[in-house]
Amino acid sequence: MGEQTKIQPQSQPVQSESQALPQIEAQVQTQSLSQPFNTPTTTTSELTTVPPPITSPPAKIPSRPRKIRKVSPNAAATTANDPNSSPTSTTTTTETPKTPAIKTPRTKTSQQLVIATPRIVARSLTCEGELEYAIHYLRNADPLLASLIDIYQPPSFDTFPTPFLALARSILYQQLAFKAGSSIYTRFISLCGGEAGVLPETVLALTPQQLRQFGVSGRKASYLHDLARKYQNGILSDSAIVNMDDKSLFTMLTMVNGIGSWSVHMFMIFSLHRPDVLPINDLQVRKGVQLLYNLPELPRPSQMDQLCEKWRPYRSVASWYLWRLQESKGSPSSVIAVSTSGNLTQQQQEDQQQPQLIDPINSILNLGRDVSG
């Protein structure tokens, strides 16, 4: 019995071949079902651990085309229709049509400005036929002014030997009646040895005491010396004055002590015969504009340019007819005195010093420069 008990444990695992095969097949099937999930995981894990250094650099390459894709909607439409087109070709097609669209209108506007400017330039009023053309131009430009042109005589201009003599004469006539100014001017000319002798060197050689003996005040003597010094230093000259444009000439002459804006305008009209000068501070011209256009109030100097714009480029001639209009209404006019003496009568100076009728800034300049002591 003891031998049988020992043999039984060894004989139990031994089975017949027919009995063992089904069990083995069952185990194999269970292992085959469980292993396919385990074995690929190990292989895939090993494969995925190797490529990270290979896949990370190419990730930077696709980032470059993303910048090119930021184009206009027209470019996106062309790429959608044409799959073979590259992004670079679409950018070139979208950028080129923008430049001609901006440049073409600018060239057209510049051409229009060039065409509008040629006839604005006018010659001196003493040139042959220029005054007749100016009157014809104003007659067509302003029907109201044409009525004055039909009534009054055309302007006339005297010729002065030199601009320096005209400016010196302008200073001597300041705040004087025509008769008193003519007397002082005649004495001054004789002191200089005639009109041809009125030169910067001659004026500087005259002392204030000598000038006072001939009726020239001390302040006017300082004005004459300041004008002569600017000539001697080269700041001013007769040739430079003749060739300067109106704006530059106004700036340079108002630098001289004793010469204000009104004096410069009169010098430009009656000595240099400039065609397009509007004396906006002249009281009679402003009154003439008010009367011509039936304005309820006297126009300010700042409004004169806009009101008289249609008279360009012959506003000097139009101003002449406004002086004549005021003269016919009984208002004292300085045109006769200015055309022969180059400056202002006593009555007009008193009118221009009324604070309610003149521009505040120009009144300060004129009171500081044009009032003799």
Side-chain angles (χ1 to χ4, degrees), residues 124-126 156-244 248-250 252-274 334-346 348-349 366 368-373:
S124 173
L125 292 174
T126 53
S156 59
F157 301 98
D158 292 339
T159 302
F160 288 89
T162 61
F164 180 79
L165 175 61
L167 292 171
R169 191 172 185 173
S170 173
I171 292 173
L172 291 173
Y173 270 86
Q174 286 174 4
Q175 285 193 320
L176 295 176
F178 176 71
K179 187 176 181 179
S182 298
S183 176
I184 294 176
Y185 178 72
T186 302
R187 297 173 188 172
F188 174 76
I189 291 299
S190 63
L191 186 63
C192 295
E195 288 186 341
V198 182
L199 301 172
E201 298 81 9
T202 307
V203 174
L204 287 174
L206 299 175
T207 63
Q209 291 74 17
Q210 288 177 304
L211 293 172
R212 187 178 290 274
Q213 292 176 358
F214 290 91
V216 180
S217 65
R219 181 168 295 182
K220 285 186 179 180
S222 66
Y223 294 164
L224 291 172
H225 286 163
D226 185 65
L227 174 65
R229 277 193 298 269
K230 284 181 169 56
Y231 263 79
Q232 193 176 50
N233 296 334
I235 299 174
L236 293 173
S237 66
D238 287 345
S239 59
I241 288 175
V242 171
N243 296 319
M244 279 183 194
S248 301
L249 182 61
F250 183 88
M252 295 300 295
L253 291 182
T254 50
M255 293 172 59
V256 180
N257 294 332
I259 298 180
S261 60
W262 190 90
S263 298
V264 174
H265 287 152
M266 298 302 105
F267 169 74
M268 293 168 68
I269 294 175
F270 294 102
S271 298
L272 301 181
H273 313 133
R274 296 288 175 93
S334 63
V335 144
I336 298 176
V338 167
S339 61
T340 55
S341 69
N343 214 301
L344 169 82
T345 61
Q346 177 70 25
Q348 183 158 359
Q349 179 68 21
N366 290 332
R369 291 175 174 173
D370 292 343
V371 177
S372 60

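Both backbone and side-chain heavy atoms feed into the values below; hydrogens, waters and symmetry mates do not. Since the structure is predicted, the reported quantities are computational estimates derived from the model, not experimental observations.
The line from NE2 of His265 to CG of Leu253 is 10.5 Å long, rounded to the nearest 0.5 Å. Taken from CG in Leu272 to CD1 in Ile241, the straight-line distance is 7.5 Å, to the nearest 0.5 Å. For the atom pair CG of Asn257 and CZ of Arg219, the computed distance is 10.0 Å after rounding to the nearest 0.5 Å. One distance of note links OG of Ser182 with CG of Leu172; it measures 11.0 Å at 0.5 Å rounding. For the atom pair Gln174 CD and Trp262 CH2, the distance stands at 9.5 Å (nearest 0.5 Å). Distance CD/Gln232 to OG/Ser237: 13.5 Å, rounded to 0.5 Å.
Under the 3.5 Å distance criterion, the side-chain polar atoms of Lys230 are left unmatched by any main-chain donor or acceptor of Leu236. Of the possible donor and acceptor atoms, none in the side chain of Ser248 sits under 3.5 Å from a partner among the backbone N and O of Met244. Not one N or O on the side chain of Asp226 forms a donor-acceptor pair closer than 3.5 Å with the backbone of Ser222. Using modelled atom types, no side-chain atom of Ser170 and backbone atom of Ala166 make a donor-acceptor pair closer than 3.5 Å.
Using the six-membered ring where Trp is involved, Phe164 and Tyr231 have ring planes that are perpendicular, over 60° apart on the 30 and 60° scheme.
With a 4.5 Å cut-off on side-chain heavy atoms, Arg274 and Leu249 count as touching. With a 4.5 Å cut-off on side-chain heavy atoms, Leu206 and Cys192 count as touching. Residues Thr202 and Leu191 fail the side-chain proximity criterion, which asks for heavy atoms closer than 4.5 Å. A 4.5 Å side-chain heavy-atom check between Ser271 and Phe157 finds every atom pair outside the cut-off. Residues Glu195 and Tyr185 have side chains in contact (heavy-atom distance under 4.5 Å, counting atoms from C-beta outward). In this structure the side chain of Leu224 never reaches within 4.5 angstrom of the side chain of Leu204, judged on heavy atoms. Looking at Met252 and Met255, their side chains come closer than 4.5 Å, going by heavy atoms from C-beta outward.
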### Message
Test side chain to side chain contact (heavy atoms under 4.5 Å, CB included) on Tyr223 and Leu167; report intermediate values, then the result.
### Response
CA-CA 10 Å; Tyr223 294 164; Leu167 292 171; over 6 Å; no

### Message
If you apply the rule side chain to side chain contact (heavy atoms under 4.5 Å, CB included), what do you find for Phe214 with Phe188, and how did you get there?
### Response
CA-CA 7 Å; Phe214 290 91; Phe188 174 76; over 6 Å; no

### Task
Any chance you could lay out the side chain to side chain contact (heavy atoms under 4.5 Å, CB included) test for Thr162 and Val198, step after step, and finish with the verdict?
CA-CA 9 Å; Thr162 61; Val198 182; over 6 Å; no

### Message
Please determine whether side chain to side chain contact (heavy atoms under 4.5 Å, CB included) holds for the pair Leu165 and Ile189, giving the CA-CA distance in whole Å, both sets of side-chain angles, and the decisive distance to 0.1 Å.
### Response
CA-CA 10 Å; Leu165 175 61; Ile189 291 299; 4.1 Å; yes

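Contact detail for Arg212 and Ser217: the closest heavy-atom pair is NH2-C, 4.4 Å. Taking both residues in full, the closest heavy atoms of Val216 and Lys220 are given as CG1-CB, 3.8 Å, listed atom of the first, atom of the second, then distance. Taking both residues in full, the closest heavy atoms of Ile184 and Gly215 are given as CD1-O, 3.5 Å, listed atom of the first, atom of the second, then distance. Taking both residues in full, the closest heavy atoms of Ala228 and Pro200 are given as CB-O, 3.6 Å, listed atom of the first, atom of the second, then distance.
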